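Notes follow the structure.
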Amino acid sequence: MKLSQVLTKVSSYEIIGQPDLEITGVNIDSRKVAQGDLFIAVKGTQADGHKFIPMAIERGAVAIACQDVPAERAEGVTYVRIADTEEATGQIATQYYGDPTSRLKLVGVTGTNGKTTIATLLYEMFRKLGYKCGLCSTVCNYVEDKAYPATQTTPDPITLNELLGLMADAGCQYAFMEVSSHAIHQKRISGLHFVGGIFTNLTRDHLDYHKTFENYRNAKKAFFDGLTPDAFAITNADDRNGMVMVQNCKAQIKTYSQHTMADFHAKLIEMSFHGMQLDINGREVHVPLVGKFNISNLLAIYGAAIMLGQDPDRTLTVLSGLQSVSGRFEALHSPRGYVAIVDYAHTPDALVNVLTAIHEVLRGQGQIITVCGAGGNRDKGKRPQMAYEAAKDSDRVIITSDNPRFEEPADIIKDMLAGITEEQQGRVVAIVDRRQAIQAACMMANKGDVILVAGKGHETYQDVKGVKHHFDDKEELRKVFKAEEAAL
């Protein structure tokens with residue numbers, strides 16, 4: 001593709017060199033540059049891509065897109081001056097990969113909690129409805145049934161557009177994508193056209209990056225500000241920021257709620273660890289998911305399906321067969337008669353939601369033992385809050401290691417224990433080794449009790465000092481269950 005074609009979606013630029021130069025690839029990582037590529041120098045949060053222009057040229061870049069053209073330009077290399085290369089990266093990538101969102105319908109899901117469940121279940125629902133679909137999520141990316149490992153909630157613009165291009169080329173009619181606050185703020189979704197957006201909820205998260213809650217909220221809101229009049233926006237009327245998200249939204253706005261009048265509403269009829277009986281917009285349906293927070297997720301899924309033109313009755317029929325997403329309130333049953341719930345809850349609010357859901361099912365007929373930690377090199381302010389909420393709503397709590405990254409696990413645990421009140425101290429212990437913590441929780445549990453193992457969910461590793469060591473909460477629980485069965 002010619003350089004001038006690659007730049008079609010960029011509103012303003014200056015070419016110093018050959019506009020008809022043939023481009024064989026686009027890249028923002030100088031280490032991945034190949035002969036014939038266009039290298040885009042982005043002033044990122046970690047490093048300034050302009051420093052790596054010489055390396056990109058050494059590796060074969062024939063064109064450089066940059067905000068600051070070097071004083072000394074390499075012979076035979078074309079330079080493109082762009083005011084904002086961060087925003088232009090997505091515009092360039094979407095053009096290079098054949099404008100994939102003009103060839104399929106893309107729906108984005110944003111908010112603090114529920115993104116993975118909603119995006120994944122929409123993907124599964126529309127496949128059951130007979131459509132070819134793609135998914136971009138925290139757990140895994142899919143082009144139809146072919147899996148592509150996920151390293152970020154929302155990939156960088158080059159990877160994202162390449163993935164969407166694969167979906168479009170494979171004939172996918174729909175794509176469902178988690179949209180993180182980082183991705184919105186860093187303009188990773190620039191150049192994409194969304195036919196719809198869904199807002200889940202907003203609680204404290206990622207303040208290590210955004211610094212203030214207002215900045216975090218505004219990053220999410222920017223996604224809805226960018227939706228076009230031909231799109232739809234579905235927002236959670238039960239969240240205090242639900243209507244804030246769509247204040248300046250040009251799209252068709254719809255609401256969902258469990259507690260107030262809304263376009264899509266639901267009432268809980270019955271709940272157990274095997275599922276819930278619901279009334280959704282006047283129609284009864286049984287779903288194999290548990291927890292009132294999942295009712296909100298299901299309403300968002302139902303609403304999106306309706307806005308995408310699906311029949312309500314057919315939608316509910318498919319909805320009734322959808323299983324929980326890996327590591328999202330996933331129930332494992334012990335041979336000794338207790339239940340272990342594995343959940344990704346890694347914020348205070350998410351922890352409260354999951355524990356509340358467990359209480360709603362238990363109704364005081366069993367004890368709750370919670371195993372949780374907090375990630376290293378992330379928002380330290382939520383650590384004591386998480387420990388406090390865990391202790392408030394559990395009978396026993398084991399504070400343990402999560403993904404310590406480059407921090408010492410004992411230091412993270414100390415931060416968490418600072419949130420424990422004097423009254424709670426007798427019910428809380430610290431066990432640094434996560435495997436031992438899970439084993440201890442299982443030893444404490446009796447028939448009818450529930451263990452919540454929170455924080456990692458679908459993850460199959462622990463991130464320690466930059467190295468990912470294999471670790472799977474579900475795998476550890478199954479090892480205990482196997483030993484329990486042998487002992488019976």
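This is a predicted model, so every value here is computed, not measured.
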Report the distance from atom [atom1] of [X] to atom [atom2] of [Y], rounding to the nearest 0.5 Å.
X    : Y    : atom1 : atom2 : result
N141 : K146 : CG    : NZ    : 12.5 Å
I295 : H265 : CD1   : NE2   : 13.5 Å
D379 : M386 : CG    : CE    : 10.5 Å

(request) Could you give me the CA-CA distance, side-chain angles and deciding distance for R283 and D313, then say whether salt bridge (charged side-chain N to carboxylate O under 4.0 Å, His left out) is met? (result) CA-CA 8 Å; R283 294 173 169 87; D313 291 326; 2.7 Å; yes
(request) Tell me, with the steps shown, if D472 and K474 meet salt bridge (charged side-chain N to carboxylate O under 4.0 Å, His left out). (result) CA-CA 5 Å; D472 184 333; K474 290 181 286 183; 5.4 Å; no
What heavy-atom pair brings [X] and [Y] nearest, and what distance separates the two atoms?
X    : Y    : result
T138 : A150 : O-CB, 3.6 Å
I358 : I341 : CD1-CG1, 4.3 Å
S190 : E87  : OG-O, 2.8 Å
C442 : E484 : CB-OE2, 4.3 Å
Y216 : S181 : CE1-OG, 3.5 Å
A300 : I118 : CB-CD1, 3.7 Å

Would you say that more than 12 heavy atoms from the other residues, nucleotides or ligands in this model lie under 6.0 Å from the [atom1] of [X], or not?
X    : atom1 : answer
Y142 : OH    : no
K250 : NZ    : no
Y388 : OH    : no

Between [Y] and [X], do the side chains contain a donor N or O and an acceptor N or O under 3.5 Å apart?
X    : Y    : value
Q277 : E284 : yes
N297 : N294 : yes
Q462 : H470 : no
N353 : T356 : no
Q365 : R363 : no

Do [X] and [Y] have their ring centres less than 6.0 Å from each other?
X    : Y    : value
H333 : H274 : yes
H346 : Y344 : yes
F223 : F199 : no
Y174 : Y123 : no

Between [Y] and [X], is there a side-chain heavy-atom distance shorter than 4.5 Å?
X    : Y    : answer
T400 : D433 : no
L332 : V339 : no
L308 : V195 : yes
T117 : L298 : no
L268 : Q258 : no
D343 : E330 : no
I306 : T315 : yes
M271 : V290 : yes

SB check [X] [Y] (cutoff 4.0 Å):
X    : Y    : result
E408 : K465 : yes
D279 : K267 : no
K479 : E476 : yes
R217 : E214 : no

Is the backbone N or O of [Y] less than 3.5 Å from a side-chain atom of [X], with the two atoms forming a donor-acceptor pair by type?
X    : Y    : result
D311 : R314 : yes
T94  : G90  : no
N403 : D463 : yes
S394 : V397 : no
Q424 : T421 : yes
Q173 : Y131 : no
N241 : V244 : no
R405 : G376 : yes
D449 : N446 : yes
K115 : T112 : yes

(message) Tell me every residue that passes side chain to side chain donor-acceptor pair (under 3.5 Å) with E124, counting only those two or more places apart in sequence or in another chain.
(response) none
(message) Applying the side chain to side chain donor-acceptor pair (under 3.5 Å) criterion to R328, which one of T120, N113, T116 satisfies it?
(response) T116
(message) Is the positively charged end of K456 above the ring of Y461, judged by distance under 6.0 angstrom from the centroid and angle within 45° of the axis?
(response) yes
(message) One pair to check against side chain to side chain contact (heavy atoms under 4.5 Å, CB included): F194 and T228. What are the steps and the verdict?
(response) CA-CA 8 Å; F194 290 86; T228 53; over 6 Å; no
(message) Evaluate H182 against I184 for side chain to side chain contact (heavy atoms under 4.5 Å, CB included), listing each step before the verdict.
(response) CA-CA 5 Å; H182 291 71; I184 300 165; over 6 Å; no
(message) Test ring-ring contact (aromatic ring centres under 6.0 Å, His included) on F176 and F126; report intermediate values, then the result.
(response) CA-CA 10 Å; F176 303 98; F126 273 74; 5.3 Å; yes
(message) Here's a test for you: under side chain to side chain contact (heavy atoms under 4.5 Å, CB included), which of T347, T203, D415 qualifies with K382?
(response) T347
(request) Apply the side chain to side chain contact (heavy atoms under 4.5 Å, CB included) test between L278 and each candidate in L289, I269, V285; give the one that qualifies. (result) V285
(message) For a salt bridge (charged side-chain N to carboxylate O under 4.0 Å, His left out) check, start with the C-alpha distance between E144 and K132, then their side-chain angles and the critical distance, and finish with the verdict.
(response) CA-CA 6 Å; E144 269 287 90; K132 290 187 173 184; 5.6 Å; no
(message) Walk me through whether R378 and E407 qualify under salt bridge (charged side-chain N to carboxylate O under 4.0 Å, His left out).
(response) CA-CA 10 Å; R378 296 293 187 269; E407 288 192 68; over 6 Å; no
